[in-house]
Structures are given as C-alpha cells and as structure tokens.
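Since the structure comes first, as structure tokens, the remarks are kept for the end.
Sequence lines set the chain letters: A, B, ... in the order given, protein chains first and strands last, and positions in each chain run from 1.
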Amino acid sequence: MSDSKNFIYEIIEEEMKEGGRCYGKRVHTRFPPEPNGYLHIGHAKALEIDFGAAEAYGGLCNLRMDDTNPTKEDVEYVEAIKEDIKWLGHDWEDRFFYASDYFDKMYEYAIELINKGLAYVCELSPEQMHEMRGDTSTPARSPYRDRPIEESLDLFQRMKAGDFEDGKMTLRAKIDLTSGNFNMRDPVIYRINHLPHHRTGSTWCIYPMYDFAHPIEDALEGITHSLCSLEFEAHRPLYDWVIDNISIESKPRQIEFARLGITHTVMSKRKLRNLVENNLVSGWDDPRMPTLCGLRRRGYTANSIRTFHDRNGVSKVNAVVDYAFLEFCLREELNSTALRVMGVVHPVKLVIDNYPEGLSEEFTVENNPERPEDGVRTVTFSRELWIDQDDFMEIPEKKYFRLFPGNEVRLKSTYVIKCISCEKDDEGNVTLIHAEYDKDSRGGNTTDGRKIKATIHWVDANNCLDAEVRLYDRLFTVESPDLADCDYMDFLNPNSLTIVSNAKVEASLKNTKPSDRFQFLRVGYFCADSKDSAPDHLVFNRAVSLKDSYKPGT
RNA sequence: UGGGGUGUAGCCAAGGGGUAAGGCACGAGACUUUGACUCUCGCACUCGUAGGUUCAAAUCCUGCCACCCCAACCA
C-alpha cells in the first residue's frame, strides 16, 4: 500500500496540529447506525473509517444507535448490529449509546431555540407544508412563522404533553425561507409521533428530526469528527447551524465520504428486505447476501472484509467495486490460513484394476504447503476411489492434461495412475473409470524420471464421508442491477445457488465444527454452514472458488 | 430548475506546476505433487471536454459536457 493518506485523515492531521481546531484534543468519532436493518458490507466501510480514524490517531470511537424515529426502529436489530461490529473486531469499550439517551437535553435545546426566536411551532399539515415550501424561484412560507415566542413555547410544551395528534404540529427552525438549499427553508426539527419507542416507551410523543438530533448527539459525546456519507453534504449547513445556535461548547465537524457499492448485488435495505420477504433468499444471513451476517455464514473472514475496505481507500467518488476484488481479499487470506483437505464435489468412481482387492494403505498429506507448521494428516487409499468428473474426459480437449484414456496423472500424495478405459450409461454419462497404477510410484514420483503433468485430488471410496455442498454464484447476472432502468429483480441469477447432495469428502472431516473453513484442494474455499451442518450431515458452503487458468478448448 | 458534489485504464486509486504510483481484472511466460500459490513481463504518449496562462499543465484560469445527491413531519 502507498503511504498516502486519504483526504479525511489529511484533514484530521491538519486539525490536530498546533493552531488547528483540535490541537491538544483526542480524535473522537462515532458510528451511528439506525436500528432498522442488518449491517452490510457498505456499512463495514463506514465502520472501517470511523473506528479506523480513532485507531490511527490514538482516539476513541463510540457506537450509537440513532433511534429518533419509532416508526422505523426496533430492538431486534440492536443486538445483531453489535454482534456484527464485534465480529469485525471493532471495540467501542463502554461507549455504547442511544440517541434516545439525549431526548431530555434535545428538548431543552429546542426550548432554547424557541426562546431565542430561532424556532416556532407550525400548524401546517404535511400537504400544506409541501405546497408552501416554494420552488427554486419562490421562497417558502408559513403563516405561523412570526407567532409570539410565548405561544410557541406553550404549544411545544403541549405537543410534548400529548395534546395533539400525529401530524398536527411541528417545531421548525427559523432559518432562511429563500435558501437554494431547501434543508435551510425552516426545516422541521420536531414532529409528533404517538407510537411507542423501543426504549423510551410512551414517555415521549414528540421526536427530534435527524438534522436537529445528530449534531447534538455528536456535541454531547465530544465527537471531534462526524464522518458520514455523501448524501448528507447538503445537510452540513444545518448541522453547523444547530451547533452554532445552541449553548454547547463542543463543535464537531462533519466530513462526508462516498458510500461503497459492489458489482452484481444490491445494497439498499429496501431491496435487500425485498429479497428476504419474497423468499428469494433464505434470510438476511443467506450466504449470497452482502450483509455481514450473510458474508460470515458464507465463509468470509472479518479480516478479509477489513482489508478489502482498507485497500479500496476513501474518496468522494461513487465507487462500485468489482466483486472479484472482494474475492481476491478472501482468497489471499485463506490461502495462507486454511487447511487443505480433499473433497470431491461431483464424484465419479475410479477403479484401479491392478490394485489388490481389500488392501488399504495409509499416506500422509501436508495440511498446508504455505504453512508447514500446520503439519500433516493421514488419509487412506484403496482400489476404489472417487474423483471429480471434471478431472476426466473421454475425448480430451486441446491442452487438457488430466485423466483421459492412455494418459497418466498423479493422485495427490499417492500413486501415478494411467487411465485404461471408461464405462458409460445409456445416456452417455461416464459411470466408471478404469485405471492401472504404477506400484513403484508410491508417494507420487516415478522411478524412471518421467514427468507427470497433472495431480488430481481424490477420496477413498471405502473410507469417506457424504456431504452436502452448496455452490454459490453472484446474486445478479449484471454488474449493476441498481442502475438499470428495469426492475432489478429481472436480473436475479437463477443459478446463484446449486445444491450438491452427494459430495464425497475425506474421513478427516468427521469432526468438522460449524464455521470451520477449509480449502478443498484444487476446488475452492469452503465453510461448514453455521446453521445446518451437523456431524451426521455435513454441509459446506463454497465461500469462493480457486482461480482457474484452464480455459476449455483453447 | 435551484442547491450540493464528482470526473485519472474495464474496476478501485495515488499524484495538487517538472513530464502518469500501486492493487484488482485481463494477456504472455517461468515454477509447481493444487491448471492454486509464488515469480517475470505486458497492460493510460495521457488525466470528462474545449480554450487560456506558462519554458513546462492531470495539476492554475475560463467556458462547456456527463453523472450522482437534496428539494420527507426518513436517516
């Protein structure tokens, strides 16, 4: 990686210098999810930036649930969000907060604004307010704008007391009815909502709007840098207005960065929820989902997701990163950490005709050639084996150098075998492959020095385990299902999940525990499913396949 | 339309007056008891575009174009 800093870090460093806004202070950020859905890999970018900035400068990062709208939020998400963040390895220590912790203070600040003549109670209905918002050439209006302070004070207190129905009144900031930035045209800062709140119950029936609440939350917590995504850029003047007009000493600064997208998937909560509710996926944690729980179940490591974001960098360009890059980050980590095992996903029987019937030999195989300290294991070998259908071609294509009649290959760590013939069923499917082994090649090397180009994996048909293997592909067939004019659902990949129920894996996998990860030699990285895998029914999810430079027929 | 942003390779992304880093993807080759990994080489005569300033411009200036966000009593 280059040693250049992203633009946010540059700003932070500049402000920490002598004479800077934050000179002598400790960098303090926050991650403020709304508890209304599951975290996805896009959130992980914000997590990386928020917690990352704190870590990089010896600062702190708070976790804060932004629960200012009881209509949308629910406790069920709070624990899931915390779990995902912990899994990624971020630590908020004892600084876990809720926006609702500050409802009392926010109310007081609202009163302060009214008293200063900077806020007023407006009785316009949503429809009327919309009509009177004005357009680019005409200013907004409200007949209640100049109502006496005492009247607003009284009305606001009665709003809080529950005297009015939802939608009857709002508290508005008195800013600028002519601003080209409509966020400044007397924005609503409090609305009435009689729905019970997941934490404060029915204590409140008025709730602060994000634009009013967020700067206060930040200031109250002593946040120095409030990092958020690009769509809040136009809200920054309002953020600053709130900070400047209430009696609070802390002056956080909001800095915006671009969110992250990934090809072949969708990221909005609405679209993701749609997939779940229409049973197009098995749930929020379906291994095809870009949610953190989905990626985790798929077999992604926390580290690979972090690395992915670190290497993508931070900018203000709306980025859609190639899914292949995420896969690369996973492969890179698992290549050095995952134990190798042999698993045959699409089995076909191979018989070594000249191998003694009833004989069983043991061989040792390295667990990970990238990491010798992981040692070796023992596998058994006998006359009948399972090999992958892909490793045999009755009539080989050009440049195919695996098994075909007359050709020799090495069975990983054991013997060199030569294909003699094959048997087929009525439909032409290969049902059995006949081969002979070179008994002098024990371990895999020939005695006469002839080169064996291919090494294939196998499992002992007399000593192996059945397994279910779930092969995943991208959820959508196009790079940007989001951008298309058509319905993104039209691009759902009908083959995003292939279930193989008759896979064969080596006996050493007997004690596999849920979430264990392996490299199935020459095939890919697999993760025992955290929900469905059991000792008597192994289920492996393919997290990502191995790269394959073989191009059929070329 | 008004306001706010952004344009460097197929995708990310450095570089902010001195002659285009790096990664992914892709292609070629070496090595290989994983067609993996690793290694080598290749991959922008040019930075949205048109002008201008300068000995020198991706970098400074001006105009234009394209795309994204906002115009909720959502966050």
Side-chain angles (χ1 to χ4, degrees), chain A residues 1-6 32-34 36 66-69 71-73 99 122 124-126 129-130 133-137 140 166-172 178-185 187-193 206-207 209-211 213-214 228-237 256 258 260 262-263 269 308 311-329 331-332 335-336 340 342 365-366 369-370 399-402 409-414 416 443-445 452-457 479 483 519-524 545-551:
Chain A
M1 248 185 21
S2 76
D3 47 5
S4 59
K5 306 271 189 310
N6 71 55
E34 184 184 18
N36 70 342
D66 218 352
D67 56 348
T68 57
N69 184 358
T71 307
K72 295 173 65 180
E73 294 137 13
C122 180
L124 255 22
S125 69
M129 202 180 291
H130 184 79
R133 183 158 26 244
D135 56 36
T136 52
S137 52
D166 292 3
K168 285 284 184 235
M169 289 185 192
T170 58
L171 183 67
R172 291 229 252 166
T178 65
S179 176
N181 181 352
F182 278 53
N183 293 130
M184 301 298 270
R185 305 247 289 203
V188 170
I189 57 176
Y190 260 95
R191 78 292 214 179
I192 301 171
N193 189 341
I206 56 171
Y207 293 91
M209 299 290 289
Y210 169 88
D211 285 319
H214 209 83
C228 64
S229 45
L230 242 34
E231 67 267 31
F232 293 103
E233 239 165 347
H235 294 245
R236 190 176 351 117
E256 312 84 10
L260 168 131
I262 297 191
T263 60
K269 281 176 188 165
F308 170 73
R311 300 213 270 224
N312 272 323
V314 181
S315 74
K316 299 183 77 159
V317 181
N318 277 309
V320 180
V321 179
D322 204 326
Y323 196 92
F325 188 56
L326 214 210
E327 294 185 320
F328 165 81
C329 293
R331 280 195 201 101
E332 181 185 53
N335 176 53
S336 58
R340 272 61 169 169
M342 292 198 280
V365 190
E366 71 276 17
E370 303 286 327
K399 290 195 180 173
Y400 183 86
F401 53 72
R402 278 110 93 172
V409 301
R410 176 166 35 237
L411 292 171
K412 173 68 180 173
S413 297
T414 57
V416 171
N445 289 112
I452 305 299
K453 179 80 169 156
T455 298
I456 67 172
H457 58 100
E479 276 197 9
L483 298 182
Q519 181 195 111
F520 282 12
L521 208 69
R522 302 205 310 127
V523 180
S545 62
L546 247 35
K547 279 188 73 171
D548 184 5
S549 64
Y550 171 62
K551 290 173 281 297

When the [atom1] atoms of [M] and [N] are compared, how many Å lie between them, rounded to an integer?
{"N": "B:A57", "M": "B:G51", "atom1": "P", "answer": "14 Å"}
{"N": "B:G10", "M": "B:C26", "atom1": "P", "answer": "15 Å"}
{"N": "B:C60", "M": "B:C69", "atom1": "P", "answer": "27 Å"}
{"N": "B:A66", "M": "B:A30", "atom1": "P", "answer": "50 Å"}
{"N": "B:A20", "M": "B:U62", "atom1": "C1'", "answer": "25 Å"}
{"N": "B:G15", "M": "B:A21", "atom1": "P", "answer": "14 Å"}
{"N": "B:C41", "M": "B:G23", "atom1": "P", "answer": "11 Å"}

May I have the distance from [X] (atom [atom1]) to [N] (atom [atom2]), rounded to whole angstrom?
{"X": "A:L260", "N": "B:C11", "atom1": "CG", "atom2": "P", "value": "15 Å"}
{"X": "A:F325", "N": "B:G10", "atom1": "CZ", "atom2": "C1'", "value": "15 Å"}
{"X": "A:R185", "N": "B:A72", "atom1": "CZ", "atom2": "P", "value": "11 Å"}
{"X": "A:E479", "N": "B:C24", "atom1": "CD", "atom2": "P", "value": "18 Å"}
{"X": "A:L124", "N": "B:A72", "atom1": "CG", "atom2": "P", "value": "14 Å"}
{"X": "A:F401", "N": "B:G35", "atom1": "CZ", "atom2": "C1'", "value": "4 Å"}
{"X": "A:Y323", "N": "B:C12", "atom1": "OH", "atom2": "C1'", "value": "17 Å"}
{"X": "A:N312", "N": "B:C24", "atom1": "CG", "atom2": "P", "value": "12 Å"}

Please determine whether any donor N or O and acceptor N or O are separated by less than 3.5 Å between the side chain of A:H130 and the base of B:A71. no
Polar side-chain contact A:R522-B:G35 base: donor and acceptor under 3.5 Å: no
If I compare all heavy atoms of A:Y550 with all of A:D548, which pair ends up nearest, and what's the gap? N-OD1, 2.9 Å
Residues at least two apart in sequence or cross-chain that pass ring pair (Phe, Tyr, Trp, His ring centres under 6.0 Å) with A:Y190, listed by chain then number, are A:F156, A:F212
Checking A:Y210 now: which residues fulfil ring pair (Phe, Tyr, Trp, His ring centres under 6.0 Å) with it, not counting sequence neighbours? A:H214, A:F232
Which part of the nucleic acid, if any, lies within contact of [X], taking any heavy atom under 4.0 Å across all strands shown: a base, the sugar-phosphate backbone alone, or nothing?
{"X": "A:S413", "answer": "base"}
{"X": "A:G444", "answer": "base"}
{"X": "A:M129", "answer": "base"}

Once side-chain hydrogen bond (donor to acceptor under 3.5 Å, both in side chains) is applied, do any residues pair with [X], and if so which ones, sequence neighbours excluded?
{"X": "A:Q519", "result": "A:Y525"}
{"X": "A:R236", "result": "A:E256"}
{"X": "A:S229", "result": "A:E231"}
{"X": "A:S549", "result": "none"}

Polar pairs (N or O, both sides) under 3.5 Å between protein and nucleotides 5-8 of chain B?
{"residue": "B:G5", "atom": "O2'", "partner": "A:E233", "partner atom": "OE1", "Å": "3.4"}

Has A:T68 got a side-chain N or O lying under 4.0 Å from the OP1 or OP2 atom of B:A75? yes
Reckon A:R133 has a side-chain N or O less than 4.0 Å from the OP1 or OP2 of B:C70? no
Side-chain contact check for A:Q519: nearest option of B:G35, B:A71, B:U34 is B:U34
Side chain of A:A319 only, heavy atoms from C-beta on: which candidate in B:C12, B:A75, B:A28 is closest? B:C12
Pull up the glycosidic torsion of B:C45 and say syn or anti, syn being anything within 90° of 0. syn
Can you confirm whether the side chains of A:S179 and A:N181 place a donor and an acceptor under 3.5 Å from each other? no
Given that A:R340 and A:D166 both sit by RNA chain B, which one's nearest nucleotide is further toward the 5' end? A:R340
Non-neighbouring partners of A:M209 that pass side chain to side chain contact (heavy atoms under 4.5 Å, CB included), sequence neighbours left out: A:V188, A:R191
Under the side chain to side chain contact (heavy atoms under 4.5 Å, CB included) test, residues paired with A:P369 that sit two or more places apart: A:R340, A:E366
Set of salt bridge (Lys or Arg N to Asp or Glu O under 4.0 Å) partners for A:R402, sequence neighbours left out: A:D391
Can you check nucleotides 37-43 of chain B for protein contacts, nitrogen or oxygen pairs under 3.5 Å, and list what you find?
{"residue": "B:C37", "atom": "O2'", "partner": "A:N335", "partner atom": "ND2", "Å": "3.0"}
{"residue": "B:C37", "atom": "O2'", "partner": "A:E370", "partner atom": "OE2", "Å": "3.2"}

Write out the stems for RNA chain B, ordered by first number and formatted as range with range, counting runs of at least 3 consecutive Watson-Crick or G-U wobble pairs under 3.5 Å. B:1-7 with B:65-71, B:10-12 with B:22-24, B:26-30 with B:38-42, B:48-52 with B:60-64
